[in-house]
Amino acid sequence: MGTPASVTPSTCLAAGAPVAPNPLAVPGQSGPLTVSHIAKEAAEQATRAADAAMRAAARSTAANSARRDDIMFAAHQAATDAERYARMAAEEEQAGNHATGRNLTARAVASAVQAQRAAGVPCTAEALAALIERRRTEAEIREAERERRERAAAYEAEMRAATGMDADNRLRLEIVRSTARDEVPKLGWSRGMVRAMEIALAGRLYRRDGFAWASGSPGQFTGGRRVARERVLMLANAGFLAIGRGADRAITATPMGEVALYLAHLHPEGVHADDKSAQEARLVASRKRGRSRDEVKAAAKRLPPLERYVLRTFKRPETLAEQSAKAAVEAEQIWETDGGALAPCELRGPQSPGGSRGGGRAAPVQLSFFGGRPSARPPGPATARAP
């Protein structure tokens with residue numbers, strides 16, 4: 001067979017193949033719906049290129065037979081790929097998967113181009129690529145952009161209703177959850193320690209008579225139940241709790257304790273069920289080369305603090321309600337700092353010619369549009385000038 005003729009949009013389809021009514025210009029679509037004929041034409045052009053490479057290899061001499069064989073094998077492989085993609089594109093088109101059919105057709109065209117380039121024949125298959133996707137008009141581009149914005153707005157509204165957060169804080173929450181999965185197991189906390197931290201954060205943990213007590217109401221000690229002293233001391237020695245001195249003797253959560261408790265709430269799977277299992281996990285983590293058994297036991301009795309980089313990079317996600325409340329408080333503080341509302345201004349008239357402000361009614365100012373200077377003379381009847 002000779003070299004394949006140049007392919008144009010009007011001659012690219014196989015001869016005698018049935019053509020759908022204007023399949024390449026469907027209103028409202030970014031590309032054609034039927035592409036099986038384009039894929040079939042690409043496969044046929046690739047096959048013709050492979051045949052041309054085979055005939056060239058058959059006429060080769062001993063000097064260039066190896067190179068001709070390599071060319072023939074490369075063209076044959078590309079033609080085989082083009083036929084396979086064309087067959088898959090026709091199947092996907094029949095199944096109604098138009099996007100997949102277009103993608104497979106594009107691969108068939110690319111394989112046909114590769115076969116023609118390998119065989120050294122004109123790359124007529126390149127013209128088929130323009131038939132797969134047509135250029136959209138400006139109106140279609142604007143309509144697609146409008147639909148994209150509407151979908152993005154609807155998705156954002158749905159996510160805000162579900163999570164109560166905007167996009168930035170949702171991303172921040174995912175980052176904090178990843179941090180919690182890495183750091184909470186290292187803390188070696190038990191559920192009892194988490195409950196002690198929650199009581200302290202609520203302002204209900206106090207020290208009385210050498211014991212820790214959970215008060216019934218926040219802000220004041222009104223009696224209550226005891227909290228395990230060992231848990232509170234371990235949390236305090238690690239820097240998660242601060243034991244107050246003086247009359248109130250309140251036990252409060254430190255900033256590091258608040259961050260650790262927030263991470264523990266995000267990843268409760270990293271918290272141990274009881275103190276015994278937490279102790280065993282800390283024993284395993286404390287075993288290092290060169291440490292004696294006593295040193296390992298002593299290390300297991302201490303809770304490790306949070307890493308510094310965690311405290312430095314941690315930023316708590318905020319809900320939309322928290323952002324609104326924070327903005328209202330900041331606006332109130334700025335208002336009070338700047339002095340609040342302005343005092344009512346006292347309206348005062350111009351000073352009288354005698355220099356007294358309260359001695360009489362101020363004379364109205366009369367503007368002179370000829371001399372450009374204001375006059376304090378009271379308006380009166382016009383008098384004729386002396387000659």
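Both Y262 and L187 are assigned to one and the same hydrophobic cluster, defined by single-linkage of ILVMFWY side chains at heavy-atom distances under 4.5 Å. Under a hydrophobic clustering in which Ile, Leu, Val, Met, Phe, Trp and Tyr are joined whenever their side-chain heavy atoms come within less than 4.5 Å, directly or via other members, V113 and I71 fall into different clusters. Residues L104 and I38 are members of separate hydrophobic clusters, defined by side-chain heavy-atom contacts under 4.5 angstrom among Ile, Leu, Val, Met, Phe, Trp and Tyr. Hydrophobic clustering keeps L171 apart from V310 (ILVMFWY residues linked when any side-chain heavy atoms are closer than 4.5 Å, directly or through intermediates). The hydrophobic cluster containing L173 also contains L261, counting ILVMFWY residues as joined when their side-chain heavy atoms lie under 4.5 angstrom apart, directly or transitively.
Here the side chains of M193 and L303 are in contact, with some heavy-atom distance below 4.5 Å. A 4.5 Å side-chain heavy-atom check between Q45 and L128 finds at least one atom pair inside the cut-off.
No side-chain donor-acceptor contact under 3.5 Å links N103 and T100. Checking T61 against N64 by side-chain atom types alone, a donor-acceptor pair falls below 3.5 Å. For the 3.5 Å distance criterion, the side chains of R117 and Q114 fail to qualify, holding no donor opposite an acceptor. Between the side chains of E183 and H267, no donor-acceptor pair of N or O atoms lies under 3.5 Å.
For H272, the NE2 atom is densely surrounded, since the number of other residues' heavy atoms within 6.0 Å is greater than 12.
We find that E174 and R170 are not joined by a salt bridge, their nearest charged nitrogen and carboxylate oxygen being 4.0 Å or further apart. The existence of a salt bridge linking R160 and E156 is confirmed by a sub-4.0 Å separation between a basic side-chain nitrogen and an acidic carboxylate oxygen. A salt bridge between R67 and D70 is absent, with no side-chain N of the basic residue lying under 4.0 Å from a carboxylate O of the acidic one.
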